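Computed from a predicted structure; not experimentally measured. Here is the naming used below: chain letters follow the sequence lines, and residue numbers restart at 1 for every chain.
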Protein chains: 2
Amino acid sequence: MAQSTQREKVAAKEEAILDAAHAVFSESGVDGAKVSVIAQRAGVALGTIYLYYKNKAELLDAVVARFWQRLTQGARDAVSGKATALEQIDALAHYHLSSILADMPFVGLTSIVRIQPQADSHHISHVREYVRVFDQIISRAIDRGDLTNPPPLWQMRDLFYGSLEYMARTLDLNQKTFDSSAVTNLTRVFQHSFFGASEVRTTVSASAADQILARLDRIEAALTPKRIGT
Amino acid sequence: MAQSTQREKVAAKEEAILDAAHAVFSESGVDGAKVSVIAQRAGVALGTIYLYYKNKAELLDAVVARFWQRLTQGARDAVSGKATALEQIDALAHYHLSSILADMPFVGLTSIVRIQPQADSHHISHVREYVRVFDQIISRAIDRGDLTNPPPLWQMRDLFYGSLEYMARTLDLNQKTFDSSAVTNLTRVFQHSFFGASEVRTTVSASAADQILARLDRIEAALTPKRIGT
DNA sequence: TTGCAATATGATCTTAATTCATTTTTACTG
DNA sequence: CAGTAAAAATGAATTAAGATCATATTGCAA
């Protein structure tokens, strides 16, 4: 700890406690994690933990909160470069799956937080913030008219995150690493079920090329006055 | 307890303990549940619990095991009357969603069991048995040739159960009861993404077409000031 | 350097899981 | 039906871990 100000020292210690707690919770589960071990790992005395967090449950809350915050930031970054809704969905799915896979033991824990009768309002608001990344992608696509006759947003959201969490569990259980086919297929589901206009599904694919050509013609025509940069 | 034989008495007492445990775990969560309260609720002395189960964790395991067994039986019954794969999927989704909704506080708990380092092999095998109902529907459909070029079974399975669990959580969170549109839309996703639309994926180089479409989307997005008609 | 407020410590307290010596019930025998 | 040995049940005592708090240490300003 080579911090100058007191504030920095305190912040660093808080970080150390959260890091230790994250590790110990991941290794031993919530019940198995001993506060004394967390304290030891963080290089502070047992009582110090209770200076920063009221009890074990609040410590877990803090670790979970930090987890969601980081995840949210990462998700925004992952999506930012992509143009179309489907590309964004694909990028988000890729990011989400690889992120939770990288932290599986901890992710298993987070569902626990929900159980605590009180105080999960924090938790919920963090999750809300996180899934807003997805919601915005879809909302924009709907505004743009990309989705014809879409189901309620929450159903698409639950389909997306529910599928990915379960896939992550399966991959983890089978000692597999990231599987890009899972992401591709999920994106494809979105494409076929929600994005693809009803005609794409009903009429035959043979006309796909014709459709594309027709659309290119339309775009080209629309572009003639204007110019597109690289 | 008006049982005649000793065996029946013991079985009845075991049932009573499991019932009490199920209730108390649901009400208070795993940590909050006191074994003494469970014992009281079951009408036995504290020590008696430990005659039937080695510790609290094993008691939870037993409750969870019974939960999965009942769920499996119910799922088989729910599917048995239906003829086509899509009807069976719809019936299973309906059954699964309403079942876990009816027992949400407990369902939240079950994910915990996975955390315990040891002994979840039981748990996993129960879950495997349960999801076999789904797997068989899909396998038969594949054999029958209903699915052309399907994704791996586990991905469809995780999509199915993951979506439903998340939908259940959302409904529960919003104090909603069963929502049949959620089931309908999930079934529709299966129909459009896996069952129908065989040509789309098989014939035309799907990836190439997708890439072109994605690029068109990007171009179209870049044109946002100008609107392109259909 | 001194004094004081902010921090940190870990022995102590408390609560709840688990054990086990004792009691009660059951089932069998003469 | 009494006697009795095994099985089942009990709850006081033990143990483990979370939480508290009186005391000690540190950082900072005058």
Undergrad: Between C:dT18 atom C1' and B:Leu51 atom CG, what is the distance in whole Å?
TA: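 Answer to the nearest Å: 13 Å.
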Undergrad: Taking only residues at least two apart or on different chains, which pairs with a member in residues 96-106 of chain A satisfy side-chain hydrogen bond (donor to acceptor under 3.5 Å, both in side chains)?
TA: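 Output for this query lists A:His22-A:Asp103, A:His96-A:Tyr130.
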Undergrad: Please report the distance, rounded to the nearest Å, between CD1 in A:Ile17 and C1' in C:dA8.
TA: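 Going from A:Ile17 (CD1) to C:dA8 (C1'), I get 11 Å.
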Undergrad: State whether B:Lys13 places a side-chain N or O below 4.0 Å from either non-bridging phosphate oxygen (OP1 or OP2) of D:dA9.
TA: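 It does, given that an N or O in the side chain of B:Lys13 lies less than 4.0 Å from OP1 or OP2 of D:dA9.
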Undergrad: Distance check needed: D:dG18 P versus A:Leu59 CG, whole Å only.
TA: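 Value for this atom pair: 11 Å.
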Undergrad: B:Gln40 CD to D:dG11 P: how many Å, rounded?
TA: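 Interatomic distance, CD of B:Gln40 to P of D:dG11: 11 Å.
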Undergrad: Whole Å only: how far is the CD atom of A:Glu58 from the P atom of D:dG18?
TA: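 To the nearest whole Å, that distance equals 16 Å.
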Undergrad: Five pairs at each end of the helix from C:dT1-D:dA30 to C:dG30-D:dC1: take the axis at both ends and give me the angle between them to 10°.
TA: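 So the angle between the two local helix axes works out to 10°.
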Undergrad: Using whole Å, report how far CD1 of B:Ile49 lies from C1' of D:dA8.
TA: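 It is 14 Å, rounded to the nearest whole Å.
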Undergrad: Look at the side chain of A:Lys13 and the backbone N and O of A:Gly43, then say whether any donor-acceptor pair between them is shorter than 3.5 Å.
TA: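 Side chain of A:Lys13 to backbone of A:Gly43: no pair is present.
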Undergrad: Measure from the side-chain N and O atoms of A:Ser125 to the backbone N and O of A:His122, and report whether any donor-acceptor pair falls under 3.5 Å.
TA: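 Judged by distance alone, yes, a pair lies under 3.5 Å.
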Undergrad: Could A:Arg169 and A:Tyr166 be counted as a cation-pi pair, given that NZ or CZ must be under 6.0 Å from the ring centre and within 45° of the axis?
TA: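 Yes - A:Arg169 lies over the ring of A:Tyr166, closer than 6.0 Å to its centre and within 45° of its axis.
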Undergrad: What do you reckon, are the aromatic ring centroids of A:His192 and B:Phe194 less than 6.0 Å apart?
TA: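 That pair fails the under 6.0 Å test.
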Undergrad: A:Asn55 CG to C:dC13 C1': how many Å, rounded?
TA: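 From A:Asn55 CG to C:dC13 C1': 17 Å.
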Undergrad: Taking OP1 and OP2 of C:dT18, is either one under 4.0 Å from a side-chain nitrogen or oxygen of B:Tyr50?
TA: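 Yes, such a contact exists.
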Undergrad: Could you check how far OH of B:Tyr52 sits from P of D:dT10, rounded to whole Å?
TA: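 Going from B:Tyr52 (OH) to D:dT10 (P), I get 9 Å.
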Undergrad: Can you give me the N/O atom pairs linking the protein to nucleotides 12-17 of chain D at distances under 3.5 Å, or say none if there are none?
TA:
{"residue": "D:dA17", "atom": "OP1", "partner": "A:Lys34", "partner atom": "NZ", "Å": "3.4"}

Undergrad: Please check if the number of heavy atoms outside A:Asn149 that lie under 6.0 Å from its CG is greater than 12.
TA: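 No, the 6.0 Å shell around CG holds no more than 12 heavy atoms from other groups.
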